[in-house]
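In what follows, residues are counted from 1 in the order of the sequence shown. Since the model is a prediction, treat every value here as computed from it, not as a measurement. Because only heavy atoms are used, hydrogens play no part in the values below, and waters and symmetry mates are left out as well, while side chains stay in. In each ligand, atom 1 is the first atom listed, and ligand 1 is the first ligand listed.
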Amino acid sequence: MTNYTETRPVIVCDGLVKIYKVADLEVVALQGLDLVVEPGEFVAIVGASGSGKSTLLNILGGLDTPSAGTVHVAGIDLLNMTPRQRTRYRRSVIGFIRQQTSRNLFPYLNAVENVELPMIIDGRPSREWRGRAMELLDLVGMSHRPRHRPHQLSGGEQQRVAIAVALANGPSVLFADEPTGELDEGTSSEIFETLKRVNETGTTIVVVTHDPLVAQHVKRTVAIRDGRTSSETLRWTEVDEQGEHRLMAEEYVVLDRVGRMQLPHEYIEAIGLKNRVRLTLDPDHVNVWPDREQRGE
Ligand code: ADP
Ligand code: MG
């Protein structure tokens with residue numbers, strides 16, 4: 001395994017901007033996105049359709065470049081890679097899983113051959129191929145179907161094999177863009193359990209999803225809104241007096257480098273905040289009050 005073992009963050013995105021030009025029109029897909037992921041984390045990225053999730057993941061996966069900002073993965077500056085380094089990055093520093101099950105596997109290769117292919121391309125010794133591929137199929141719960149070709153497998157089974165393929169060269173980070181987008185609820189849940197098991201072996205995972213149920217599977221959910229990280233939910237389990245494990249969750253708003261944050265819409269509406277708010281500082285927290293004039297005081 002070539003897992004990134006340093007204690008520094010494995011992903012650092014700083015002020016990422018991505019502008020797509022379509023004819024005379026500019027689409028701002030990311031507008032100053034910040035994200036830090038520590039080694040070993042399992043992070044889910046959620047957000048409405050069009051919020052910039054795929055754009056972010058394609059940049060992190062080395063498939064696209066940002067218009068501005070910086071991005072480092074496993075200590076590598078993604079904006080300063082030679083074509084050769086980019087190929088190596090995509091082949092062995094990271095693993096990538098797409099939503100479309102059919103795009104992750106070669107149709108004319110069976111499951112174990114699909115997992116071996118990245119190792120062959122990476123120039124690993126041939127004696128490692130079969131054993132390692134079978135180990136990975138075992139990890140994702142597919143060691144009973146090594147000779148099945150993709151069309152002989154269900155969508156969920158194909159995604160499991162895709163996870164094994166993505167892990168073939170021992171990447172530091174696994175990226176998955178809506179890996180369960182084409183699957184039913186039960187199968188999606190199984191895929192997330194599989195990803196959890198992979199994460200427990202030490203691989204950092206960043207998965208994009210629109211499925212609110214993923215919340216139950218990951219410790220950290222990052223919400224993207226309008227091309228920026230807007231809020232985060234952290235989850236952990238606590239043991240109460242009766243010895244019962246309870247799932248705890250706390251929502252955080254993201255504060256950017258210059259101190260800006262976005263208040264949730266419900267809060268703004270609940271007390272009619274508008275244009276101007278009053279801030280007061282207490283020893284351990286900050287209060288936000290409506291403008292006195294607006295309330296007619
Ligand atoms: P998500 O994955 O969250 O649904 P995307 O990252 O795919 O969002 O898209 C973010 C925005 O960028 C959308 O407005 C989308 O239409 C636009 N966009 C994405 N890819 C392209 C592209 N290749 N050319 C032009 N606009 C794009
Ligand atoms: Mg998308």
field: Within 6.0 Å of OH in Tyr20, more than 12 heavy atoms from elsewhere
entry: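 Correct, the count exceeds 12.
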message: The criterion is salt bridge (charged side-chain N to carboxylate O under 4.0 Å, His left out); which residues satisfy it with Asp64, sequence neighbours excluded?
response: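 Partners of Asp64 by the salt bridge (charged side-chain N to carboxylate O under 4.0 Å, His left out) criterion, ordered by chain and then number, come out as Lys18.
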message: Restricting to under 2.8 Å, identify the protein N, O or S atoms around the Mg ion (ligand 2) as residue plus atom.
response: Ser54 OG
task: Sort out the contact shell of ligand 1: every protein residue with a heavy-atom distance below 4.0 Å, listed by chain and number.
output: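 Its neighbours under 4.0 Å (heavy atoms only) are Tyr20, Val22, Val27, Ala29, Ala48, Ser49, Gly50, Ser51, Gly52, Lys53, Ser54, Thr55, given by chain and number.
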query: By ring-ring contact (aromatic ring centres under 6.0 Å, His included), which residues pair with Phe175, not counting sequence neighbours?
result: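 Testing Phe175 for ring-ring contact (aromatic ring centres under 6.0 Å, His included), a comparison that skips the adjacent residues, returns none.
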- request: State whether the side chain of Asn104 and the backbone N or O of Arg98 hold a donor-acceptor pair below 3.5 Å, judged by distance alone.
  value: yes
task: Answer yes or no: is there a donor N or O on one side and an acceptor on the other, between the side chain of Gln85 and the main chain of Thr82, under 3.5 Å?
output: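 Confirmed, Gln85 side chain pairs with Thr82 backbone.
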Heavy-atom pair with the smallest gap, counting every atom of Leu79 and Thr70: CD1-CA, 4.0 Å
query: Out of Ile163, Leu195, Val198, which residue meets the side-chain contact (heavy atoms from CB on, under 4.5 Å) rule with Thr203?
result: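 Exactly one option meets the side-chain contact (heavy atoms from CB on, under 4.5 Å) with Thr203, and it is Val198.
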query: How long is the gap from CG on Leu109 to CD on Glu116, to the nearest 0.5 Å?
result: 9.5 Å
query: So, Glu232 and Arg220, do they make that salt bridge, N to O below 4.0 Å?
result: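 Result for this pair is yes, salt bridge flagged.
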